[in-house]
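Everything numeric here is computed off the predicted structure, so don't read it as measured data.
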Amino acid sequence: MAKKSSGTGQPARSRERPEMSGKAAIDPRVLVSRERVLTATLDLLTETGLGELTIDDISRRSGVAKTTIYRHWANRSALVIDACSRMTDGQQAPPDTGSLEGDLRAILADIADLLGTARWSSILPSIVDAAEHDPEFAGIHSRIQHGHAAPLRAALDRAAIRGQIPPAADRNAIAAALLGPLFYRRWFSREQIDAEFMELIIRSAIAGLHRDPRDPKREQAAK
């Protein structure tokens with residue numbers, strides 16, 4: 001005769017083995033292969049840009065078979081997007097020097113250094129070009145740009161709280177005015193980004209913050 005239930009209402013103890021209760025563990029060899037492919041992709045993007053990049057190149061550089069690469073990424077774009085999503089080097093907590101000018105000097109000096117040394121500095125032009133035609137690349141580009149502007153925006157927000165800049169100042173426009181000249185020199189004029197140039201940018205931006213466009217003296221001078 002079957003044993004009667006105890007009537008306590010307690011659920012029966014699961015006989016499921018511990019190793020069966022969670023998700024299956026990922027084979028470490030798969031993680032190693034993926035890492036090699038992503039590293040090779042970023043290396044080749046740095047060297048040749050997006051236009052010249054092929055899966056064959058990535059396979060040769062990484063030592064991972066094409067069939068294995070396609071098992072993890074449906075196509076080249078999916079792989080490149082995955083690799084570019086890792087371009088986060090240089091994004092640090094914004095400095096707090098106690099003054100807006102000090103903060104801006106520290107932030108711009110860091111960005112200027114990264115423009116000459118960081119991996120994303122060489123890859124970004126290819127991403128900008130691809131973003132014109134591919135929404136996913138546009139998303140990657142937007143995320144990278146947001147990361148560049150975030151320390152400046154934090155410094156400007158802090159300055160507004162301290163009363164160092166007008167509360168109504170357009171902080172996005174100010175960040176663009178500070179970053180734009182650095183990017184121009186890096187990718188267009190290819191001139192040196194030195195301390196004198198950064199000081200000129202900072203002085204111009206801060207002077208603009210305190211200039212009232214409705215100042216009647218300026219309006220009279222313009223007539």
Side-chain angles (χ1 to χ4, degrees), residues 31 33-55 57-62 64 69 72-95 103-156 171-195 197-198 201-202 205:
L31 296 177
S33 293
R34 284 180 59 87
E35 194 62 35
R36 283 164 59 188
V37 170
L38 291 168
T39 299
T41 301
L42 284 173
D43 287 343
L44 288 166
L45 280 170
T46 303
E47 296 168 16
T48 66
L50 181 60
E52 302 297 322
L53 183 70
T54 68
I55 294 295
D57 293 333
I58 296 169
S59 177
R60 281 192 293 269
R61 176 66 66 91
S62 66
V64 177
I69 293 174
H72 296 291
W73 294 278
N75 49 47
R76 188 192 73 148
S77 291
L79 171 53
V80 171
I81 288 167
D82 196 3
C84 288
S85 69
R86 297 180 165 211
M87 292 196 305
T88 57
D89 50 339
Q91 294 182 18
Q92 303 173 356
D103 291 350
L104 296 182
R105 287 191 187 97
I107 294 167
L108 293 191
D110 181 56
I111 294 174
D113 179 63
L114 290 171
L115 281 170
T117 61
R119 188 194 298 270
W120 56 256
S121 177
S122 298
I123 298 174
L124 191 56
S126 292
I127 302 304
V128 172
D129 180 60
E132 290 293 310
H133 315 286
D134 189 319
E136 289 188 277
F137 278 105
I140 293 293
H141 176 236
S142 176
R143 191 171 68 83
I144 293 171
Q145 291 302 98
H146 179 77
H148 294 161
L152 286 173
R153 180 60 191 257
L156 292 167
R171 295 162 211 174
N172 288 330
I174 299 165
L178 291 163
L179 287 174
L182 301 186
F183 292 168
Y184 179 84
R185 282 208 166 185
R186 171 62 178 86
W187 290 305
F188 294 94
S189 72
R190 304 190 70 83
E191 298 172 80
Q192 183 180 2
I193 303 174
D194 54 22
F197 180 65
M198 288 189 288
I201 296 169
I202 292 169

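Residue Ser121 comes nearest to Pro125 through the heavy atom pair O-CD, 3.6 Å, listed as atom of the first residue, atom of the second, then distance. Ala106 and Pro95 make their closest contact through CB-CG, 3.7 Å (heavy atoms, listed as atom of the first residue, atom of the second, distance). Closest approach of Arg76 to Gly51, counting heavy atoms only: NH1-O, 4.4 Å. Taking both residues in full, the closest heavy atoms of Val64 and Ser59 are given as O-OG, 2.7 Å, listed atom of the first, atom of the second, then distance. Residues Leu50 and Ala130 come closest through the heavy atom pair CD2-CB, 3.6 Å. Residues Ile202 and Leu178 approach most closely at CA-CD2, 4.2 Å, considering heavy atoms.
The distance from the CG atom of Leu152 to the CD1 atom of Ile174 is 10.0 Å, given to the nearest 0.5 Å. Distance CG/Leu108 to CE/Met198: 6.5 Å, rounded to 0.5 Å. Considering CZ of Arg143 and NE2 of His148, their distance stands at 10.0 Å, rounded to 0.5 Å. We find the CD-NE2 distance between Glu136 and His141 to be 16.0 Å, quoted to the nearest 0.5 Å. Atoms CD1 and CG, from Ile58 and Leu53 in turn, are 4.0 Å apart once rounded to the nearest 0.5 Å.
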Working note: Asp43 + Thr46, criterion side chain to side chain donor-acceptor pair (under 3.5 Å); need CA distance, chi angles, decisive distance, verdict. CA-CA 5 Å; Asp43 287 343; Thr46 303; 5.5 Å; no
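Looking at heavy atoms from C-beta onward, Trp73 lies out of side-chain contact with Val80 at the 4.5 angstrom threshold. With a 4.5 Å cut-off on side-chain heavy atoms, Trp120 and Leu115 count as touching. Using a 4.5 Å heavy-atom threshold, the side chains of Cys84 and Leu45 count as touching. When side chains are defined from C-beta on, Asn75 does not count as touching Ile55, because their heavy atoms never get closer than 4.5 Å. Annotation: side chain of Arg34 is in contact with side chain of His72 (closest heavy-atom distance under 4.5 Å). Side-chain contact between Leu44 and Glu52 is absent, with no heavy-atom pair separated by less than 4.5 Å.
Enclosure of atom CD in Glu47 by more than 12 non-hydrogen atoms of other residues, nucleotides or ligands within 6.0 angstrom is indicated.
Of the possible donor and acceptor atoms, none in the side chain of Arg171 sits under 3.5 Å from a partner among the backbone N and O of Arg153. Between the side chain of Arg185 and the backbone N or O of Ile193, no donor-acceptor pair lies under 3.5 Å. Not a single donor-acceptor pair under 3.5 Å links the side chain of Trp187 to the backbone N or O of Leu124.
Comment: Glu191 does not engage Arg186 in a salt bridge, judged by the lack of any side-chain N to carboxylate O separation of less than 4.0 angstrom.
With sequence neighbours left out, Phe137 forms a ring-ring contact (aromatic ring centres under 6.0 Å, His included) with no residue at all.
Side-chain contact, Ser126 with Asp129: no donor N or O sits under 3.5 Å from an acceptor N or O.
Among the candidates Leu38, Val37, Ile140, the single residue satisfying the side-chain contact (heavy atoms from CB on, under 4.5 Å) test with Asp82 is Leu38.
Ring orientation note: the planes of Tyr184 and Phe188 are close to parallel, at an angle under 30° on the 30°/60° scale.
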